[in-house]
Amino acid sequence: MVFNSFQFFLIFLPAVVIMNRVLCTRGRITARKWFFLISSLVFYSVSSVETLPILLGSLFMNWYIAGRIQSSDIGPLRQRWLKLGITLNVVLLVVFKYSHFLADNIGGLLGWHPSLPAFVLPLGISFFTIQQIMYLVDCAEEMIAPAPLLEHATFISFFPYITAGPIVRGGSILPQLDSIEQSSEKQLATGLMIFIIGLFKKVALADQSFGRFADEGFSAAASLGLAEGWLTGASYTFQLYFDFSGYSDMALGIGLMLGLSLPENFNSPYKALSIIDFWKRWHITLSNFITTYLYTPMARSVRPLTFGKAMLVTILAMAIAGIWHGAAWTFLIFGLLHGLAIVINHYWRKTKVKLPWPIAWSLTFIVVIVGFVMFRADGWPQAYAVLSSMLGTHGIDYHGVFEQGGLRYLILLAGAAVAFGAPNSNELARNFNPSWRWCVFSCASLLLSMLMLSTGGTSGAIYRGF
Amino acid sequence: MNEILDRLQPIFREVLENDDLVITEMSSAKNIENWDSLAHINLVSVIEQEFKIRFALGELETLNNVGDMIELMKKKMKR
Amino acid sequence: MSSSRFIRYIIGAALLGVVAAWSVNYIIDPFGVFGTRFFPEYGFPQERYMKIEYLKKHPDYNTFLIGGSRPGVIKTEVVDRYFPGAKTYNLSLLDGIPSEFEKYTEWLVKNMPDLSHVILELDWPVGYEHDPKNAQLNELHPDISGRSRNDFLLDFLAKINFRALGEAISNNTGGLNQMEYDFTKGYWSRPLRDKQIDTNCDVYKASEELFSDGKKARKKLDTALLSETLAAIARIKSLLDKKKVKLTLFLSPFNKHQLDAIELSDYEQFVTQLVKITDFYNFMYYNKITMNDCNYYEASHFRPYIGDLVVRSLAEHPNRDSDLHRYFSRETLVPELEFIKANFFSERSSG
C-alpha cells in the first residue's frame, strides 16, 4: 500500500486517524501503541507480507541486543554487544540487498558463479536497518534507554516512515509515543494540508509530468540531442525531488494528523548554492545519519585529523551513502561523485574566494543533475549515453525524442519555479492558518491528484490497428 | 561557566584558524565562519582531550552552539 | 476560517469527487460492464467480461468463434447456415492473445455442455502483446482470472478513462466509429463506416491514415513469443481432442499493408511449426481480397462481408475451390510453402 493510493488515503488513513483520536480522548496510551503497531503491520503486510518475518526478526534481534547493551556496564562488554548488533544489522542488509551484486562482481573476478536464492528485497530494510543502528548506538552511549518490545516494535515499524523515511531517531519518537496529548484541530488541518501538497507533488508533478519525460528520455538515451539530454537529466532531477519530498511531506502530514512530529527531510534543496549546502537541504535525515554515525566515528578514529584525511573520510562516507541507495555501481559512482564535489567545495572554501551566486548555484545544480543521471541510469552505458548527449556528442540539434517539445519546456519551467521560487512545505506548515484560499487550493490539488490517480489510460489504437 | 568559556576560547581560535575570534555563549555554527562539519569534529576531539570527557555521537549534532556545548560539558564534568 | 471547517470542506470535496467519478462511470458506462444502458452506444465494450456474462445465462451454444478482434465481424448466422446443426457464438476478443484463447477454451469446455466445434482465428504472432494502456479492456472476466467480481467492477467504477468516455459520447452523438454490437451473438460492425466506404472508397482510403500506417518497417518475429503462441495452440488442440471437440484453425486475411510488414523467413518458420500441431486454413497472403483496401475498415479489420467469405471457405473446403485460402497440412506443407514464396515474391516486387 502506498500513500498515493485510494485505499490508503480514503480508507486506511481516515480509519487510523479517527481511531487514534478516540484512543487519545480516552487516554489509552498502551492501547494506542498496540493500535499503531497493528496498523503498521497491516500496512506492511498489504505491500509485502512475504518479507514481514524479516522485519519481525530484525525487531526482536535489535530489541534483545539493546537490552543486553543496557544490562552490561559501560566498557568492553557493552562495546562488544554494540559491535555485534551493528554487524548483524549490516549482515542482514547485505544478505538481502547486496548478495547478488556482490556475487556477480566478486564471483565474476574469481570466475566463481554461485547460484543464490532469489531474495525479495524486504520492504523498508534500508530504513529500518539504519534506524536501528542509530538506536543501538544511542542506547550504548546512554542517549536513550532501551524501549520495551512493544514500544521498540512500534517505533521501528511505524507506517508513516517504514517504507521511505524520514529516518527517525528513538530519542525523538519514543517519548512521543508515551504522550497522549490530543492533536489539536489546527494540527489536524495542517497535517491534512501537508499531506495534500505531498500527494500533489508525487502524483501530478513526479509521476504524471516529470516522470514521463524522464522515462522517455532515458529509454531513448542513445539518440538524445544536446537540449534533449539536459531536458532528460533535469526532468529526472525534478521528478526525484517531487517524488521523494512529496512522499516525505505525506509522511509528515500523517504524523501531524496522528499528533506526532516527524523530522523534516527536505528544505528546498535546489535553492542550494553549494554541494555542502545541498546535503544540508536534501534528504536531511539521511545526511544527519551520514555525518553523525558514519563520518564522525570514522573521523574520530583518525588522529590527528588533518584536512586531507578528513577529505578521504568524507569520500568514503559518501561512497557508503551512495551504495546504500541500491546495489549497483551507478549508486556507488553517485556517492563518489558527491563526495568528490564536497571535497572540492571544502578546498574552495579555504581559498575564501566567494563566487557570485548565479555561478555558485549553476555549478551546484549541474553537479546535482549529473549525479541524478547516474542515480537513475540502469547501468553505466545508459548513464554514459545521457551524460555524453549533455555534452553534445550526439549532435546539438533537436532530435524529436519528445513530442510537443515546447510544452515540456513550459512544464519544466513551472516545476522549476515551484522548486526554486516557492516556499517549501515545511515553511508553509509553520505559517499555516486555515483560510478560504488554502481551502480552495487544497481541495483543487486533492481533486486533481485523485483524477490523475484514477485515470485508466487507453491508448490510441483501440479497435484500430494491432 | 566562564571558566569553561575561557578555556574554550583558545581552542576555538586554534582549530578555526582565526586569532581574532571571540566566542560567547551565543556563538554558533551559523554565525561563526569556518565552523563546518570538519572543524566540528576537530573542535570536539580537542575539547574531549582537554577536558577528559567524551561526547556521544548522538550529542554531537546538537552541539553546534557554544551555550549548549558548555551546558553539556558541565553535566559531563560533574560525573 | 476555523480548522474544523477546513477539514470538513476537504473531506467533503474528496467524497464529492469520488461520488461524481463513480456516477459518471456508472451512468455513461463506457465499457458496458454495468449494463445500465442509459445510452444506446458503448465507448469500448469490455468483450472479455460481457460475452462471458451473456454465455453464463445462455449455455446452449455448441459452436464458438475464438480469436482476436479481426473475426469479431463474422456473423454467427452465416456460420450456422454453412455448418448444419451449429448454434454459434462469436467469442472474439479485442487484442486477444493465445494464452487468453486457451483460458476461454477451458472455460467453454467446463461450462458449455453442447460444445462441439471451436473455430480459432490466429494473427501474426508479433501482434500478441497487450498494450498496458488498454489494461481495462484486457482485464479478463473474473470467473476466468479468479479475481473477485466486486473488485473487478470497482475498478471500472473508480477508474476514469477519458478516452472511453469520449468515445462513448462521440458514438452516442453520431461519431463514425459507432459500432453495432450485438452481445447476444457476439459480433460487431461499423454501419456508418460501411456506408462511408461504399459511397466512395477512394476518398475513404485516402482519408484513413491507418492504411499507410501499416507500411511500417518490418518487425522481426519474437521467437519467445512464437513458442508461447505455439505452445498455447498445442494445449488448446489437445484439450479439444480429449473432449472430442472439433477444432478449425485459420489465419486471418491480412491486409496487404500488414502483409508487407512480415518477413518471409519468419512466415515460413511460423507456418512450418504450426502445421505440426494441426492442419489449418491460411487466408494470410496476397490475393484479390487482401490487396483491396476497400474490403477493410483500416489495415487490421476486414469488413463483415469478407467474414462471410471466410466462413464459406472453411465450410466448403475441399469441395469447392476457393481463391481466398490455402489449406495447410503436413502433406501439403512443401507445395504450399512454395506457393506462398512465389506469391510474396511476385506481389511484393510488383507492388
Side-chain angles (χ1 to χ4, degrees), chain A residues 74 79 82 86 133-144 168-172 263 274-277 279-280 284-285 287-314 317-318 342-343 345-350 352 354, chain B residues 7-23 27-79:
Chain A
I74 298 182
Q79 285 306 311
L82 176 63
I86 294 175
I133 288 177
M134 297 197 297
Y135 174 73
L136 292 182
V137 173
D138 288 350
C139 286
E141 299 197 319
E142 300 194 334
M143 289 284 292
I144 50 173
V168 297
R169 302 271 291 273
S172 85
S274 73
I275 284 294
I276 295 175
D277 190 24
W279 281 99
K280 286 182 181 157
I284 298 168
T285 57
S287 288
N288 287 344
F289 168 77
I290 300 171
T291 318
T292 309
Y293 293 85
L294 270 181
Y295 172 80
T296 307
M298 287 195 286
R300 268 176 153 188
S301 67
V302 181
R303 292 228 172 120
L305 184 64
T306 59
F307 185 76
K309 281 180 189 160
M311 293 301 100
L312 275 179
V313 173
T314 303
M318 289 307 288
I342 291 174
V343 168
N345 199 169
H346 276 297
Y347 272 106
W348 188 264
R349 276 193 182 175
K350 290 190 104 171
K352 311 226 170 190
K354 259 206 137 103
Chain B
R7 283 171 72 188
L8 283 177
Q9 182 69 58
I11 297 176
F12 270 77
R13 284 191 179 169
E14 194 191 320
V15 173
L16 300 181
E17 294 171 10
N18 182 353
D19 294 339
D20 307 322
L21 183 68
V22 179
I23 54 166
S27 304
S28 77
K30 283 198 183 97
N31 56 29
I32 293 189
E33 216 181 339
N34 291 349
W35 189 351
D36 55 18
S37 53
L38 172 64
H40 192 59
I41 302 288
N42 279 328
L43 275 174
V44 167
S45 302
V46 178
I47 292 169
E48 282 179 339
Q49 278 172 6
E50 180 77 25
F51 290 83
K52 308 259 180 305
I53 52 172
R54 185 163 174 88
F55 295 109
L57 286 180
E59 288 164 344
L60 294 185
E61 59 191 357
T62 60
L63 281 187
N64 43 22
N65 81 69
V66 175
D68 290 351
M69 193 179 266
I70 292 172
E71 279 301 310
L72 191 67
M73 289 169 67
K74 276 205 294 195
K75 254 188 246 163
K76 300 228 165 219
M77 285 153 69
K78 263 186 209 151
R79 276 191 210 160

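Keep in mind it's a predicted model, so treat the numbers as computed, not measured. Naming: A, B, ... by sequence-line order, numbering from 1 per chain.
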Could you have a look at A/Ile144, A/Asn288, A/Val313, A/Ile276 and say which one has the most heavy-atom pairs with chain B under 4.5 angstrom? A/Asn288
Can you tell which part of A/Met134 gets under 4.5 Å to a heavy atom of chain B, answering side chain, backbone, both or neither? neither
Counting only non-hydrogen atoms closer than 4.5 Å, does B/Glu17 touch chain A with its backbone (N, CA, C, O), its side chain (CB onward), both, or neither? neither
Does the side chain of A/Met143 come within less than 4.5 Å of B/Leu57's, by heavy atoms? no
Measure the shortest side-chain to side-chain distance between B/His40 and A/Thr296 over non-hydrogen atoms and say whether it is less than 4.5 angstrom. no
Distance col, row B/Glu59:CD vs A/Thr292:OG1, nearest 0.5 angstrom, shows 11.5 Å
